[in-house]
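Residue numbers start from 1 in every chain, and the chains themselves are labelled A, B, ... in the order their sequence lines are given, proteins ahead of strands. These numbers come from a predicted model, not from an experiment.
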Number of protein chains: 2
Amino acid sequence: MPERRSSRKDAIRSREAVLAAADALFARRESPEDVTMADVAAAAGVGKGTLFRAFGDRAGLLRALYEARLEPIRQAVETGPQPLGPATPPRERVPALLDALLCFKLDNRRLALALEEGGGGSPYRAEHYERWHTLLRSVLEQIPGLPDSAFTAHALLAATRADLVEHLVGEVRVPRDRVRAQLASFVTGVLASGRLHGSPAGEVAEKKPSS
Amino acid sequence: MPERRSSRKDAIRSREAVLAAADALFARRESPEDVTMADVAAAAGVGKGTLFRAFGDRAGLLRALYEARLEPIRQAVETGPQPLGPATPPRERVPALLDALLCFKLDNRRLALALEEGGGGSPYRAEHYERWHTLLRSVLEQIPGLPDSAFTAHALLAATRADLVEHLVGEVRVPRDRVRAQLASFVTGVLASGRLHGSPAGEVAEKKPSS
DNA sequence: TTGAAAAACGGACCCGGGGTCCGTATCGTC
DNA sequence: GACGATACGGACCCCGGGTCCGTTTTTCAA
């Protein structure tokens with residue numbers, strides 16, 4: 001599987017060595033922030049210069065790792081069978097998407113954590129977030145009765161934030177399947193609410209904040 | 001209002017100078033991470049040593065600022081009148097609480113952002129989060145039909161995350177009241193879903209993740 | 001095959017920011 | 001006013017991300 005065209009083969013080997021080493025390191029170490037770039041370089045048997053030339057900066061490395069790991073799910077979502085694929089009816093697809101995302105973060109806790117917090121500024125500017133949000137939004141839009149699909153998409157995605165997942169699984173020690181069930185239940189609730197009212201909300205109580 | 005007992009008055013003056021300076025800086029500067037400790041010290045007319053003795057570390061300063069700002073809301077929630085106070089019926093209090101929190105983050109975007117991301121590890125270990133979560137959880141518990149109040153509380157709080165708020169208001173330029181309305185609507189939906197089923201969810205589709 | 005230009009390598013180096021240390025200044029008490 | 005206790009401040013240390021450049025490897029044309 002030839003990857004980078006017009007790249008020297010030693011460059012490609014380095015790149016892959018780094019990817020593998022970083023993956024291993026993030027999986028092994030407790031906290032993402034004590035995986036240093038020098039560590040990664042050393043573990044990959046490569047100089048720091050090489051590492052930074054290949055990925056630009058720390059965020060670049062994280063992104064590359066993340067995308068690589070996410071690829072199968074992306075495929076399944078874009079062109080796969082039910083319940084992730086495009087042919088799935090919205091009410092079924094939304095929970096499936098969120099469950100898939102949750103599972104991904106459960107399986108790649110440290111990595112997701114590293115990307116979302118250290119990833120150079122807001123996670124909301126990352127294009128992988130953009131992708132999930134756009135997708136989820138458009139699927140939600142096909143469900144009648146939901147108030148604001150853009151915001152709802154944000155809110156649902158927020159329920160799968162890496163640090164929340166880490167907190168639940170790593171600190172509170174909630175078992176994996178329990179978290180999945182809770183999220184599923186929450187999503188169900190949100191979707192079900194659409195059944196009740198045509199277009200709720202609108203006015204909100206008067207409020208005079210301190211500032 | 002005498003604050004710290006058994007502290008020398010110059011210490012108190014320094015402490016307050018720092019608090020004020022930091023507050024101003026975080027409000028003025030675009031991104032929280034380009035407010036440096038040295039900046040704060042300089043702006044307060046104080047040495048770095050003083051600053052660190054007073055607050056321990058960066059996270060400590062952020063926490064102190066945050067708590068100070070949050071104090072009025074805390075009061076209103078613990079011993080205040082409706083709709084924030086304890087006498088409010090749950091179905092009404094939950095949206096009020098979340099709206100108050102949202103407003104707070106809208107009014108203190110940079111600060112909340114700084115605390116949540118740079119605040120030394122997971123925001124979920126911070127005791128102010130703990131407080132909100134415990135409170136929200138207990139109020140949710142009084143509403144029959146909601147699946148798992150602990151998780152629901154997390155999920156609702158996640159919808160007010162500082163970086164999401166910042167994204168919506170600062171990037172997408174959604175007007176303040178719109179965001180409030182959207183959140184309100186979302187919360188309404190979540191609460192309403194309890195009306196439908198006694199104890200939903202439970203089983204979740206089989207899934208074999210990559211790892 | 002070869003030789004030279006292009007591309008990649010690697011680690012010494014730089015820089016900026018969080019946090020510490022300790023000699024000096026201030027406070028508070030007797 | 002003198003002395004112990006406390007706070008001050010900024011020079012200093014450390015560590016991690018990112019850069020630079022002399023050296024090595026690859027590639028390709030002659």
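Between B:His167 and A:His154, the ring planes are perpendicular. Angles over 60° get that label, and only those under 30° would be called parallel.
Under the rule for a side chain to side chain donor-acceptor pair (under 3.5 Å), A:Glu92 has no partner lying at least two apart in sequence or in another chain. Residues meeting the side-chain contact (heavy atoms from CB on, under 4.5 Å) test with A:Arg109, sequence neighbours left out: A:Glu166, A:Val169. Remark: A:Arg13 engages no residue in a salt bridge (Lys or Arg N to Asp or Glu O under 4.0 Å) (not counting sequence neighbours).
At least one side-chain heavy atom of A:Leu98 sits under 4.5 Å from a side-chain heavy atom of A:Thr160.
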Within the 4.0 Å limit for protein heavy atoms, which parts of nucleotides 24-30 of chain C are touched? Write it as a string from 5' to 3', B for base, S for sugar-phosphate only, - for none. --BSS--
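Between the side chain of A:Arg137 and the backbone N or O of A:Ser149 there is no donor-acceptor pair closer than 3.5 Å.
Pairs engaging residues 25-77 of chain B under the ring-ring contact (aromatic ring centres under 6.0 Å, His included) rule: B:Tyr66-B:Phe104, B:Tyr66-B:His128 [sequence neighbours left out].
If you check every strand for non-hydrogen atoms under 4.0 Å, B:Thr36 touches sugar and phosphate atoms only.
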Within the sub-3.5 Å range, which N or O atoms of nucleotides 19-22 of chain D have a protein N or O partner, and how far apart are they?
none

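With rounding to whole Å, B:Met37 atom CE is found 17 Å from D:dG10 atom P.
Residue A:Glu30 places its CD atom among 12 or fewer non-hydrogen atoms of other residues, nucleotides or ligands, all under 6.0 Å distant.
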